[in-house]
Amino acid sequence: MKPIIFDVDTGIDDAMAMAYALNSPELEVLGFTTCFGNVPVVESTRNTLAVLEKLNRRIPVFEGAGQTLVRGKKKKYPKHVHGEDGLGNTLQFEPTIKASKGNASDFIIEQVKSRPHEITVIAVGPLTNIAMAIKKAPKIMSLVKEVVIMGGAVNVQGNVTPYAEANIVSDPEAADHVFSSGLPITLVGLDVTLQTYLLKSKLDEWRATGKESARFLAEMTDYYMKAYEISHPGLGGCALHDPLAVGVAIDSSFVSAEMMNIKVVTEGEETGRTIGQQVSGPGIRVCTKVQADRFVKHFLERVI
Ligand code: BDR
Ligand code: CA
């Protein structure tokens, strides 16, 4: 089993990715760390706890960054995509389980220190917690086994602006810091996630299982798909951004990649853009192709 720290900004596709990871025997999720992103951090923590409660799992959750590295608080949250509550307005309860004491970046550092070269970090929100961990303990970070990041749009258009993807543009300086840190990164960006689709018909199959957790995921994903009907008319479903990062952590053969240096634009109208330059030596593994059908089948076999 791969020991995992899962950094989330929960979020509807984060919730699907959580269920997929927790139902995958290859992964041992040691803890979730939360960040602002789809919602403010307090709500991202609450949503993470709520999803765990619905899935009937007890895994430590550590709250992290409430704001960007240098730009202060995020100004606008994507309620049209993830709902008022971040879970498609399905959250009708306050989770009874509580977050653990301690901070997200400290938890990452502690775990990496105690298990050198073993820990994989999956990060599916803004990269603020990871950047803070690097800043606090640069030497310890060289002991991370792998970081699988959902973020960026290297050879394709962005989803927030024509240039920028949501996780990167939410904290461009943090992303740039992480990408230039030398960490062993696999970047799962829109280049590949926008080729992975969950069709609306699957939600009825989830509901038909009669499982409470499946119904919960189906209801929130229904909301998410309505946002896709506007942004991607005719698609009949949604992309599986955060779940693909989990898929790649389980089985890297779902994707093929090119080695690149990645620079993040931090000024002007292209802010948040991820500019890739191919390298022959060490760099970031940027996923450029995905075996979408094989991945989606794997996801569907496990998510509910
Ligand atoms: C990413 O942005 C967030 O809205 C999603 O949860 C995903 O992590 C997609 O661009
Ligand atoms: Ca996310």
Side-chain angles (χ1 to χ4, degrees), residues 5-21 32-41 43-48 51 61 64-65 68 74 76-88 104 121-130 147-172 174-175 178 186-198 217 220-221 223-228 230-232 235 237-249 264 271-274 287 290 299 303:
I5 297 174
F6 199 168
D7 192 69
V8 290
D9 63 330
T10 317
I12 296 169
D13 60 326
D14 303 68
M16 286 192 270
M18 286 176 66
Y20 180 30
F32 289 91
T33 52
T34 66
C35 189
F36 73 91
N38 290 322
V39 283
V41 72
E43 293 171 35
S44 155
T45 304
R46 177 203 61 197
N47 292 353
T48 306
V51 172
V61 175
T68 63
K74 182 168 171 168
K76 221 174 138 235
Y77 294 96
K79 297 186 169 173
H80 59 296
V81 182
H82 293 272
E84 287 293 322
D85 60 6
L87 294 178
V121 179
I122 305 177
V124 298
L127 293 171
T128 323
N129 290 333
I130 321 292
V147 187
V148 182
I149 293 171
M150 190 285 128
V154 178
N155 296 319
V156 296
Q157 285 213 334
N159 58 0
V160 173
T161 73
Y163 308 100
E165 182 277 330
N167 288 337
I168 304 301
V169 79
S170 292
D171 195 346
V178 172
T186 298
L187 192 66
V188 182
L190 298 182
D191 304 72
V192 280
T193 64
L194 275 177
Q195 297 176 44
T196 62
Y197 296 119
L198 173 65
L217 281 179
M220 69 177 81
T221 306
Y223 185 97
Y224 194 54
M225 287 182 175
K226 290 198 173 102
Y228 266 83
I230 297 165
S231 59
H232 297 75
L235 181 70
C238 66
L240 290 168
H241 300 295
D242 294 350
L244 184 58
V246 172
V248 170
V264 180
T271 294
R273 181 172 181 182
T274 40
C287 300
V290 57
F299 166 79
V303 64

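Every number for a ligand or one of its atoms is a count from 1 in the order of the listing.
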**OP:** Measure the spacing between SG of C238 and NZ of K226 and express it to the nearest 0.5 Å.
**Re:** 12.5 Å

Original post:
Which of the atoms in ligand 1, numbered in the order shown and given with their element, are less than 4.0 Å from a heavy-atom of H241?
Top reply: 9 (C)

Original post:
Backbone, side chain, both or neither: what part of D242 comes under 4.0 angstrom of ligand 1, heavy atoms only?
Top reply: side chain

Subject >> Top protein contact for atom 6 (O) of ligand 1, by heavy-atom distance >> reply: D13 OD1, 2.5 Å

Subject >> Distance, nearest 0.5 Å, that separates CE of M225 from CE of M220 >> reply: 12.5 Å

Original post:
Taking the Ca ion (ligand 2) as the centre, how many protein N/O/S atoms fall inside a distance shorter than 3.0 Å?
Top reply: 5

**OP:** Identify which one of N129, N47, D7, T45 satisfies the side chain to side chain donor-acceptor pair (under 3.5 Å) criterion when paired with T34.
**Re:** T45

**OP:** Enumerate the atoms of ligand 1 whose separation from the nearest heavy atom of M150 is less than 4.0 angstrom.
**Re:** 1 (C), 7 (C), 8 (O), 9 (C)

Original post:
Taking the side chain from N167 and the backbone from M150, do they hold a donor-acceptor pair closer than 3.5 Å?
Top reply: yes

Original post:
Considering only protein heavy atoms, which is closest to atom 4 (O) of ligand 1, and at what distance to one decimal place?
Top reply: N38 OD1, 2.7 Å

Original post:
Do D171 and L127 pass the side chain to side chain contact (heavy atoms under 4.5 Å, CB included) test, and can you show the C-alpha distance, the side-chain angles, and the key distance before you say yes or no?
Top reply: CA-CA 7 Å; D171 195 346; L127 293 171; over 6 Å; no

Original post:
Is the backbone of A15 close enough, under 3.5 Å, to the side chain of T10 for a donor and an acceptor to pair up by distance?
Top reply: no

Original post:
At the 4.0 Å heavy-atom cut-off, does A166 count as touching ligand 1?
Top reply: yes

Original post:
So, does T274 use its side chain to make a donor-acceptor pair with the main chain of A153 at under 3.5 Å?
Top reply: yes

Original post:
Quick check: does N167 get an N/O under 3.5 Å from an N/O on ligand 1?
Top reply: yes

**OP:** Compute the shortest N/O to N/O distance between H82 and ligand 1 and return yes if it is under 3.5 Å, no if not.
**Re:** yes

Subject >> Any donor-acceptor pair under 3.5 Å from Y197 side chain to L194 backbone >> reply: yes

Original post:
When you measure from the side chain of K74 to the backbone N and O of T68, does any donor-acceptor pair fall under 3.5 Å?
Top reply: no

**OP:** Quick one: look up the protein heavy atom nearest atom 1 (C) of ligand 1 and list residue, atom name and how far away it is.
**Re:** E165 OE2, 3.3 Å

Subject >> Any N/O pair V124/ligand 1 closer than 3.5 Å >> reply: yes

**OP:** Check N159 against ligand 1 and report side chain, backbone, both or neither, counting heavy atoms closer than 4.0 Å.
**Re:** side chain

Original post:
Does the side chain to side chain donor-acceptor pair (under 3.5 Å) test come out yes or no for N38 and H82, once each step is laid out?
Top reply: CA-CA 7 Å; N38 290 322; H82 293 272; 3.2 Å; yes

Subject >> Aromatic ring pairing Y228/H232, orientation class (parallel under 30°, perpendicular over 60°, tilted between) >> reply: parallel

**OP:** Report the part of D14 in contact with ligand 1, treating N, CA, C, O as backbone and CB onward as side chain, heavy atoms under 4.0 Å; options are side chain, backbone, both, neither.
**Re:** side chain

Subject >> Flag, side chain of D242 to backbone of M16, donor-acceptor distance under 3.5 Å >> reply: no

